[in-house]
Amino acid sequence: EIALAQSIFYEMFGDPNTNERGWKYKALGDACTLKAGKGIQTSELSEEKAAGLYPCFGGNGIRGYIAKKSHKGTYPIIGRQGALCGNVQLATGEFYATEHAVVSTPGEGLHAVFVYYALLAMNLNQYATGVAQPGLAVKTLLPLPLVIPPIELQEQFDERISRICAQKDLLQGSLNQISILFNSRMAYYFDCD
């Protein structure tokens, strides 16, 4: 799904690093608010998703689930600590972000899904420092150029991605039903009990 979406992104917007389409651009820190989350205790995390728990994003994606939330909506999240620093996740709904996750709040004229794919294309890991424990400072991200295509085009991109995700969900549902039916038939014909 991500590879297909990235392909559509490049088709619609070109490479944001070279900006061959000549889009306007702003420094990332002017286009988005970048803010690291808050620390937690490891004991607050659960490995299992359950009612009343929210995804907890750290520097390398979801660390587990926690009984508190810090954000609601759709936000690109940049990992700023660890071997995978510079990775980008898209958080949707209610979630909690730790101090190792930089939540990107798109400003006016920017759509969160567009910003997510633009950040992926920027290969932020290249700006990491440190060897034993790589890190990515927010101040390093602030001046990076972010292309700003027309919001209508960004919204068209989001609609296309949403349709792909909906089709994927429908297909997964059908595959699950087929699997249940197949297993039921196998048990009926070959169960020796």
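All values reported here derive from a predicted model rather than from experimental measurement. The basis for the numbers below is simple: all heavy atoms, side chains too, and nothing from hydrogens, waters or symmetry mates.
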For this session: May I ask you to check whether Y116 and Y75 place their ring centres under 6.0 Å from each other?
Result: no

For this session: Run the ring-centre check on F95 versus F57 and record whether the distance is less than 6.0 Å.
Result: yes

For this session: Report the C-alpha distance between S46 and L53 in whole Å, list the side-chain angles of each, state the deciding distance to 0.1 Å, and finish with yes or no for side chain to side chain contact (heavy atoms under 4.5 Å, CB included).
Result: CA-CA 8 Å; S46 169; L53 297 181; 3.8 Å; yes

Problem set entry | Heavy-atom side-chain contact between L153 and I151 under 4.5 Å | no

Exercise. Ignoring hydrogens and geometry, is there a side-chain-to-backbone donor-acceptor pair from N60 to G79 under 3.5 Å?
Worked result: no

Exercise. What distance do L90 atom CG and I161 atom CD1 have between them, rounded to the nearest 0.5 Å?
Worked result: 10.5 Å

For this session: May I ask you to check whether F157 and Y117 place their ring centers less than 6.0 Å from one another?
Result: yes

Exercise. At their closest point, which heavy atom of A128 faces which heavy atom of C85, and how far apart are they?
Worked result: CB-SG, 3.3 Å

Problem set entry | Side chains of V147 and K24 in contact at under 4.5 Å (non-hydrogen atoms) | no

For this session: Please confirm whether the backbone N or O of H111 pairs with a side-chain atom of E155, one donor and one acceptor, at under 3.5 Å?
Result: no

Exercise. At what distance, to the nearest 0.5 angstrom, does CZ of F9 lie from CG of D15?
Worked result: 8.5 Å

Exercise. Do Y54 and L45 share a hydrophobic cluster, counting only Ile, Leu, Val, Met, Phe, Trp and Tyr and linking them when any side-chain heavy atoms are less than 4.5 Å apart?
Worked result: no

Problem set entry | Cluster overlap L120 with V115, hydrophobic side-chain contacts below 4.5 Å | yes

Exercise. Hey, any chance Y127 and L84 share a hydrophobic cluster, counting ILVMFWY side chains that come within less than 4.5 Å of each other, even indirectly?
Worked result: no

Exercise. Is there a side-chain contact between D30 and L142, using heavy atoms and a 4.5 Å cut-off?
Worked result: no

Problem set entry | L146 and M122, any side-chain heavy atoms less than 4.5 Å apart | yes

Exercise. Does a sphere of radius 6.0 Å around NZ in K68 hold more than 12 heavy atoms from other residues, nucleotides or ligands, not counting ones at 6.0 Å or beyond?
Worked result: yes

For this session: Output, in order, the C-alpha distance, side-chain angles, deciding distance and verdict of side chain to side chain contact (heavy atoms under 4.5 Å, CB included) for L124 and L136.
Result: CA-CA 8 Å; L124 299 175; L136 185 60; 4.2 Å; yes

Exercise. Is atom CD of E47 surrounded by more than 12 heavy atoms (other residues, nucleotides or ligands) closer than 6.0 Å?
Worked result: no

Problem set entry | Between CD on residue E159 and CZ on residue R163, distance to nearest 0.5 Å | 6.5 Å

Problem set entry | Where S104 and I78 come nearest, the two heavy atoms and their spacing | OG-CD1, 3.7 Å

Exercise. If you look at every heavy atom in A121 and Y10, which pair is closest and at what distance?
Worked result: CB-OH, 3.2 Å

Exercise. Okay, side chain of N125, backbone of G86: is any donor-acceptor separation there less than 3.5 Å?
Worked result: no

Problem set entry | Minimum-distance pair of heavy atoms, taken over all atoms of C32 and L110 | SG-CD1, 4.1 Å

For this session: State, with a plain yes or no, whether a side-chain heavy atom of Y65 is found less than 4.5 Å away from one of P55.
Result: yes

Exercise. Is I62 reachable from V102 through a run of I, L, V, M, F, W or Y residues, each pair having side-chain heavy atoms under 4.5 Å apart?
Worked result: no

For this session: Establish whether V138 and I77 are linked, either directly or via other cluster members, by ILVMFWY side-chain heavy-atom contacts under 4.5 Å.
Result: no

Seminar exercise, completed: Heavy atoms of G59 and N87 approach each other most closely as O-ND2, 2.7 Å

Exercise. Has Q126 got more than 12 heavy atoms of other residues, nucleotides or ligands less than 6.0 Å from its CD?
Worked result: yes

Exercise. Is there a side-chain contact between L119 and L28 (heavy atoms, below 4.5 Å)?
Worked result: yes

Exercise. Just by distance, do the side chain of S162 and the backbone of D158 share a donor-acceptor pair under 3.5 Å?
Worked result: yes

Exercise. Looking at side-chain heavy atoms only, is the closest gap between I40 and I66 below 4.5 Å?
Worked result: yes

For this session: Give a yes or no on whether a salt bridge exists between K35 and E99, defined as a side-chain N under 4.0 angstrom from a carboxylate O.
Result: no

Exercise. Is the backbone N or O of A5 less than 3.5 Å from a side-chain atom of R160, with the two atoms forming a donor-acceptor pair by type?
Worked result: no

For this session: State, to 0.1 Å, how close G58 and T98 come at their nearest heavy-atom pair, and which atoms those are.
Result: CA-OG1, 3.3 Å

Exercise. Counting N and O atoms only, with roles assigned by atom type, does the side chain of S70 sit under 3.5 Å from a partner on the main chain of A97, one being a donor and the other an acceptor?
Worked result: yes

For this session: Take Q133 and Q81 through the side chain to side chain contact (heavy atoms under 4.5 Å, CB included) test and state the conclusion after the steps.
Result: CA-CA 7 Å; Q133 180 68 356; Q81 200 69 40; 3.3 Å; yes

Problem set entry | Expected output: side-chain E44 to main-chain A67 donor-acceptor under 3.5 Å | no

Exercise. Can you check whether T129 reaches P134 side chain to side chain, under 4.5 Å on heavy atoms?
Worked result: no

Problem set entry | Enclosure of E48 CD (heavy-atom neighbours >12, cutoff 6.0 Å) | no

